[in-house]
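Bear in mind the structure is a predicted one, so any value in this text is a computation, not a measurement. A, B, ... follow the sequence lines: proteins, then strands. Residue 1 opens every chain. Keep in mind that the numbers below use all heavy atoms, side chains included, and drop hydrogens, waters and symmetry copies.
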Protein chains: 2
Amino acid sequence: MKRRNTPAKQAVLNLLNTSQAALSQELIEQTLKGTMDRVTVYRVLNSFCEDGLVHKIVSDDGKSYFALCQGCQETHHHHDHFHFRCLNCQKVECLQEEVKVKIPAGYRVESMNCLLTGYCKACA
Amino acid sequence: MKRRNTPAKQAVLNLLNTSQAALSQELIEQTLKGTMDRVTVYRVLNSFCEDGLVHKIVSDDGKSYFALCQGCQETHHHHDHFHFRCLNCQKVECLQEEVKVKIPAGYRVESMNCLLTGYCKACA
DNA sequence: ATTATTAATGCAATTGAGTTGCAATAATAA
DNA sequence: TTATTATTGCAACTCAATTGCATTAATAAT
Ligand SMILES: [Mn+2]
Ligand SMILES: [Mn+2]
Ligand SMILES: [Zn+2]
Ligand SMILES: [Zn+2]
């Protein structure tokens, strides 16, 4: 299934590109309000994930957030960094800090989702 | 609001005590099937969380899992360990491995939720 | 032991994030 | 230009979790 380039994808990609923070479907929808359907946002984000263009951060607030992959190879993704969610401003961001973990013998890790929650620099 | 001791709480606590893995509401419900309502399980688990008896692990499968706190002080909790979810057997477990992260200057971390997903020893 | 207080429970209804089916639309290939 | 099929919009649906409310029962007071 080859992807097609559409206004919806461009708009969402644009938002992600110009945003420091990771974005939720909700936030994207209300920013682009009226220009596309709820479901389209979900579908665009999911296709970006499948294509390795963005990575999804599952948050403990029950939502998911999406951020552009920085310096990921098509074949060799490294999303082994922490994320941070601010309880005040609600922003979710990628931290520089890498996740360092000794994986127990015999285990195979496919993905990691590491989220710190608290108050960000601006809100602490 | 002082807590009361009830059969429901005892049953759930018992399960958590005798389980190696963290448990989801769903799993608890079907194990104790018939003895209590779905909602009661949720409420019991939430009260345990509030009381610092168990900690909640938010998983990327959309559910939450609960595990007894080990060696947590009433005042000084340390849930700074990784968790692991197996894509095959679905078990979620607490890992020994501690989360070591340099929190960016100015940030305040209130909680962390660090989950590795993949295949466990038995399923790899 | 009896009664009063209110936490805990069961049941039905609701919330909220995310998905799915399907017909209509539009990007790309022929 | 025409054909192919990915994408979209809309409505309906799924699924974990929460909420309202009347009833039950654990604990405190008498
Ligand atoms: Mn990230
Ligand atoms: Mn744990
Ligand atoms: Zn903030
Ligand atoms: Zn397993």
Side-chain angles (χ1 to χ4, degrees), chain A residues 1-16 22-67 83 85 90-92 111 113 115 117, chain B residues 1-16 22-51 53-67 83 85 90-92 113 115 117:
Chain A
M1 182 203 275
K2 9 185 134 66
R3 303 295 189 193
R4 291 175 184 181
N5 193 20
T6 67
K9 288 183 185 173
Q10 289 172 22
V12 173
L13 190 54
N14 229 31
L15 261 191
L16 290 167
L23 302 176
S24 65
Q25 179 279 328
E26 188 190 20
L27 222 137
I28 293 173
E29 192 200 342
Q30 61 188 221
T31 305
L32 304 176
K33 146 177 53 201
T35 72
M36 78 189 69
D37 191 75
R38 245 170 42 74
V39 178
T40 301
V41 177
Y42 277 116
R43 287 199 267 229
V44 165
L45 288 171
N46 285 342
S47 77
F48 285 172
C49 272
E50 283 169 23
D51 297 350
L53 200 61
V54 308
H55 62 287
K56 170 158 73 167
I57 301 128
V58 176
S59 164
D60 49 4
D61 65 354
K63 304 182 199 167
S64 289
Y65 293 78
F66 299 83
H83 297 93
R85 178 170 70 89
Q90 310 296 334
K91 275 193 194 120
V92 172
S111 66
N113 190 80
L115 180 70
T117 300
Chain B
M1 182 202 273
K2 5 185 139 67
R3 303 296 188 194
R4 292 176 184 180
N5 194 20
T6 68
K9 289 183 184 172
Q10 289 173 21
V12 172
L13 190 54
N14 228 31
L15 260 191
L16 290 167
L23 303 176
S24 64
Q25 179 281 328
E26 187 191 21
L27 222 137
I28 294 173
E29 190 199 344
Q30 61 188 218
T31 305
L32 303 176
K33 148 177 51 202
T35 71
M36 77 188 70
D37 190 75
R38 280 181 58 248
V39 178
T40 300
V41 177
Y42 278 116
R43 288 199 268 230
V44 164
L45 288 171
N46 285 340
S47 77
F48 284 172
C49 273
E50 284 170 22
D51 296 349
L53 200 61
V54 309
H55 61 286
K56 172 158 73 168
I57 302 128
V58 176
S59 164
D60 48 5
D61 66 352
K63 305 183 200 167
S64 290
Y65 294 78
F66 299 84
H83 297 94
R85 179 169 69 88
Q90 309 298 335
K91 277 195 193 118
V92 172
N113 189 78
L115 181 70
T117 300

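- Residue-to-nucleotide contacts include a donor-acceptor pair under 3.5 Å from the side chain of A:Arg38 to the base of C:dG18.
- Contact annotation: B:Asn5 side-chain N/O to D:dT27 OP1/OP2 distance is not under 4.0 Å.
- At least one side-chain nitrogen or oxygen of B:Ser64 sits closer than 4.0 Å to the OP1 or OP2 atom of D:dA17.
- For A:Ala8 and B:Lys56, each mapped to the nucleotide of DNA chain D holding its nearest heavy atom, the one lying further toward the 5' end belongs to A:Ala8.
- With hydrogens and angles ignored, no donor-acceptor pair under 3.5 angstrom links the side chain of A:Arg43 to the base of C:dG18.
- Nucleic acid contact class of B:Ser24 (heavy atoms, under 4.0 Å, all strands): none.
- The shortest distance between the side-chain N/O atoms of A:Thr40 and the OP1/OP2 oxygens of D:dT7 is not below 4.0 Å.
- For the pair B:Met36 and B:Glu29, the minimum side-chain heavy-atom distance is 4.5 Å or more.
- Contact of A:Arg4 with D:dT8 (side chain to base): no donor-acceptor pair of N or O atoms is detected under 3.5 Å.
- Between B:Gln25 and B:Arg38 the shortest heavy-atom distance is NE2-O, 3.7 Å.
- Mapping B:Glu26 and B:Pro7 onto DNA chain D by nearest heavy atom places B:Glu26 at the nucleotide closer to the 5' end.
- An OP1 or OP2 oxygen of C:dG18 is reached within less than 4.0 angstrom by a side-chain nitrogen or oxygen of A:Tyr42.
- Whole-Å rounding puts the B:Lys2 NZ to C:dT6 P distance at 8 Å.
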